[in-house]
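Written below as structure tokens is the structure these notes are about.
Being a predicted model, the structure only gives us computed values, none of them experimental.
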Amino acid sequence: MNNTKVLIEKIKEGIQEKKGKNIIIADLTSIEDTICKYFVICQGNSPSQVSAIVDSIREFTRKGADSKPFAIDGLRNAEWVAMDYSDVLVHVFLPETRDFYNLEHLWADAKLTQIPDLD
């Protein structure tokens, strides 16, 4: 498995560890002039859960993929937190904020993979 795939797997595990829901992986590799190769989009039910998901992703990617985000933005109000791993951008939303920005629709020409929620 290449480094990007390992990173995405660890991001997914970090999200699932804190019961993040509705995980979508958007493969942007076939689209020209994008800012990254993949988006990972998910949601938490409260600002505290969004923050916990972000912390979990940081821990899983540090230990499992030897990777740290270059930047994290949005933690102050934790409605939408973006994590920049260069080739992978992670978006952790509150449900209403996710519905409003609708990134999946914005990147509808990308290959979207839905990850089933863990119960």
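Here the straight-line distance linking atom CG of Leu103 with atom CH2 of Trp107 works out to 9.0 Å at 0.5 Å rounding. The CD atom of Gln43 sits 9.0 Å away from atom CD of Glu96, with the distance rounded to the nearest 0.5 Å. Between the OG atom in Ser86 and the CG atom in Asn3 there is a gap of 12.0 Å [rounded to 0.5 Å]. Summarising the geometry, atom CE belonging to Met83 is positioned 4.0 Å from atom CD1 belonging to Ile72; distances are rounded to the nearest 0.5 Å. The distance from atom CD of Glu17 to atom NZ of Lys10, rounded to the nearest 0.5 Å, is 11.0 Å. With rounding to the nearest 0.5 angstrom, the OH atom of Tyr101 is 8.0 Å from the CZ atom of Phe93.
By the 4.5 Å heavy-atom criterion applied to side chains, Cys36 and Leu89 are counted as neighbours. Using a 4.5 Å cut-off on side-chain heavy atoms (C-beta onward), Val40 and Lys12 make no contact. A heavy-atom distance below 4.5 Å is found between the side chains of Pro69 and Arg58. Counting heavy atoms from C-beta on, the side chains of Lys18 and Val54 never come closer than 4.5 Å. Under the 4.5 Å side-chain criterion, counting only non-hydrogen atoms from C-beta, Ile23 is in contact with Gln16.
Each of Val50 and Ile41 belongs to its own hydrophobic cluster when Ile, Leu, Val, Met, Phe, Trp and Tyr are linked at side-chain heavy-atom distances under 4.5 angstrom. Cluster membership check: Ile53 does not share its hydrophobic cluster with Trp80, using side-chain heavy-atom separations under 4.5 Å among Ile, Leu, Val, Met, Phe, Trp and Tyr. Residues Phe70 and Ile35 do not share a hydrophobic cluster, defined by chaining ILVMFWY side chains whose heavy atoms lie under 4.5 Å apart. Both Ile11 and Leu75 belong to a single network of hydrophobic side chains, linked directly or stepwise wherever heavy atoms of I, L, V, M, F, W or Y lie under 4.5 Å apart.
For the side chain to side chain contact (heavy atoms under 4.5 Å, CB included) test with Val90, the passing option among Phe39, Tyr38, Tyr85 is Tyr85; the others fail.
One finds a salt bridge joining Lys37 and Asp87 here, because a Lys/Arg side-chain nitrogen approaches an Asp/Glu carboxylate oxygen to under 4.0 Å. The existence of a salt bridge linking Glu59 and Lys63 is confirmed by a sub-4.0 Å separation between a basic side-chain nitrogen and an acidic carboxylate oxygen.
For Asp73, the CG atom sits in a loose shell: 12 or fewer heavy atoms of surrounding residues, nucleotides or ligands are nearer than 6.0 Å. Residue Asp117 places its CG atom among more than 12 non-hydrogen atoms of other residues, nucleotides or ligands, all under 6.0 Å distant.
For Ser51 (side chain) and Pro47 (main-chain N/O), a donor-acceptor pair under 3.5 Å exists by modelled atom type. In this structure, the side chain of Thr61 engages the main chain of Ile57 through a donor-acceptor pair within 3.5 Å. Remark: side-chain polar atoms of Lys19 are not paired, donor with acceptor, to backbone N or O of Gln49 under 3.5 angstrom.
Of all the heavy atoms in Lys5 and Asn2, the pair that sits closest is N-OD1, 2.8 Å. What you find for Ser46 and Leu94 is that their closest heavy atoms are C-CD2, 3.3 Å. Contact detail for Ile24 and Arg98: the closest heavy-atom pair is CG1-NH2, 3.3 Å. The heavy-atom pair separating Ala110 from Asp27 by the smallest distance is CB-O, 3.4 Å. Closest approach of Val6 and Gly64 over heavy atoms only: CG1-O, 3.8 Å. Of all the heavy atoms in Leu112 and Ala26, the pair that sits closest is CD2-CB, 3.5 Å.
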| said: side-chain contact (heavy atoms from CB on, under 4.5 Å) for Lys111 and Thr29? Distances and angles first, verdict last. | reply: CA-CA 9 Å; Lys111 179 178 178 257; Thr29 55; over 6 Å; no

